[in-house]
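Order of listing sets the numbers, starting from 1, for every ligand and every atom in it. Throughout, residue positions are numbered sequentially from 1 according to the sequence presented.
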Amino acid sequence: MLLHLHNILTAEEAHNIKLALLKAEWQDGKLTAGNASRQQKTNLQLDPRSPLAEQLGNAILQRLGLRDDFMAAALPAKIFPPMFNCYCNGGEFGYHIDNAIRQVPNTPVKIRTDLSMTLFLSKPDEYEGGELIIDDTFGTQSVKLPAGDLVLYPSTSLHRVTPVTKGHRISCFFWLQSLIRDNEQRRTLYQLDQSIQGLRQNTHENEHITRLIGVYHNLLRQWSQTS
Ligand SMILES: O=C(O)CCC(=O)C(=O)O
Ligand SMILES: [Fe+2]
């Protein structure tokens, strides 16, 4: 399941973050690439240990935590600290699948990457190219979102970023380990949750809704892994 989440940041917030990032010191994106994807990657990244990356990353995570749609779709168990990248001057990232396990820098914490996310910080008309192309069971999708919007997709997907031939494509990208490892089980829970929310908005609370909420929790209990 690929999900487009609108307005994680307002356009103005995204713009201000982008301005701060444009002035930042960037490093070669190959530094954090796995062996196989190193040749495919010609972009820039912010040093994940820099105070700016930490401050912006925490603010973005705090915002995501307040979003019911994100929490219901992702069911996060552990989130990798957000990272920031910049593509310009023909920079791209060829087809790859993200590493399965990532260690949080300077900690013993390992995260299985179940879901990948990109939060777009540049406006689509500020750069040419830079589409995130995602291939999965749902077909091939080309994603280029308004500043402040986020795409969430299974980390099992083959994906690439097309060359940015004009302007700068600045974004925040990261991964998470979900309480639900299996993509189909997670999708089923999301659909059930959306239906329950729809019923609760359109109908008075009743015993059937209560039982349905119970079914949701019982499936979550059966399928979830908390570590
Ligand atoms: O920039 C993006 O949208 C995705 C980046 C990416 O695929 C990666 O760093 O693994
Ligand atoms: Fe990737």
Side-chain angles (χ1 to χ4, degrees), residues 1-6 8-9 14 17-18 21-22 24 26-50 53 56-57 60 64 70 74 79-105 110-124 126-136 138 140-178 183:
M1 182 176 75
L2 180 148
L3 207 66
H4 172 180
L5 299 178
H6 298 258
I8 298 298
L9 301 173
I17 292 179
K18 187 200 68 185
L21 287 169
L22 274 173
W26 293 87
Q27 53 183 215
D28 192 336
K30 290 188 199 298
L31 286 172
T32 58
N35 278 340
S37 57
R38 200 160 292 137
Q39 280 99 3
Q40 315 267 64
K41 196 175 179 188
T42 47
N43 70 354
L44 299 169
Q45 283 178 194
L46 203 61
D47 182 345
R49 293 159 305 183
S50 71
L56 295 177
I60 289 167
L64 281 172
F70 170 76
I79 307 188
F80 194 82
M83 295 172 71
F84 298 85
N85 62 16
C86 174
Y87 299 78
C88 53
N89 302 322
E92 65 180 311
F93 197 164
Y95 265 127
H96 65 282
I97 286 186
D98 296 332
N99 285 357
I101 307 289
R102 300 200 83 107
Q103 182 149 1
V104 179
K110 289 194 168 73
I111 292 186
R112 187 186 63 239
T113 55
D114 293 326
L115 287 168
S116 302
M117 286 143 287
T118 296
L119 171 63
F120 288 76
L121 296 169
S122 299
K123 286 197 215 135
E126 289 174 338
Y127 58 97
E128 273 173 23
E131 286 85 8
L132 174 60
I133 309 285
I134 305 170
D135 279 6
D136 209 325
F138 40 72
T140 300
Q141 304 273 330
S142 174
V143 182
K144 187 169 181 173
L145 302 183
D149 286 13
L150 177 140
V151 63
L152 178 79
Y153 59 100
S155 303
T156 45
S157 317
L158 198 58
H159 60 283
R160 70 187 172 110
V161 177
T162 65
V164 172
T165 51
K166 218 174 180 184
H168 294 76
R169 175 198 190 268
I170 292 186
S171 63
C172 169
F173 67 103
F174 54 111
W175 299 272
L176 65 80
Q177 178 170 325
S178 176
N183 289 326

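- Applying the 4.0 Å criterion to heavy atoms of Phe93 picks out, from ligand 1, the atoms 6 (C), 8 (C), 9 (O), 10 (O).
- The distance from ligand 1 to the heavy atoms of Arg169 drops below 4.0 Å at these ligand atoms: 1 (O), 2 (C), 3 (O).
- Every residue two or more places apart in sequence or in another chain that forms a side-chain contact (heavy atoms from CB on, under 4.5 Å) with Lys41 is listed here: Thr32, Ala33, Asn43, Gln45, Phe93.
- Within ligand 1, counting atoms from 1 as listed, the ones closer than 4.0 Å to a heavy atom of His159 are 7 (O).
- Heavy-atom neighbours of Lys30 NZ from other residues, nucleotides or ligands within 6.0 Å: above the threshold of 12.
- Applying the side-chain hydrogen bond (donor to acceptor under 3.5 Å, both in side chains) test to Ser155 and every residue at least two apart in sequence or in another chain returns Ser116.
- Screening Lys144, Arg169, Lys18 for a salt bridge (Lys or Arg N to Asp or Glu O under 4.0 Å) involving Glu126 leaves a single residue, Lys18.
- Protein heavy atom in closest approach to atom 5 (C) of ligand 1: Tyr87 OH, 3.6 Å.
- Take the Fe ion (ligand 2) and draw a sphere of radius 2.8 Å; the protein N/O/S atoms inside it number 3.
- Of all protein heavy atoms, the one closest to atom 4 (C) of ligand 1 is Thr118 OG1, 3.8 Å.
- Nearest protein neighbour of atom 10 (O) of ligand 1, counting heavy atoms only, is Asp98 OD1, 3.0 Å.
- A heavy-atom separation below 4.0 Å is not found between Arg160 and ligand 1.
- Interface atoms of ligand 1 facing Val161, defined by a heavy-atom separation under 4.0 Å, are 1 (O), 2 (C), 3 (O), 4 (C).
- Legend: residues meeting side-chain hydrogen bond (donor to acceptor under 3.5 Å, both in side chains) with Ser50, ordered by chain and number and at least two apart, are absent.
- The N/O atoms of Tyr153, backbone and side chain alike, include none that comes under 3.5 Å of an N/O atom in ligand 1.
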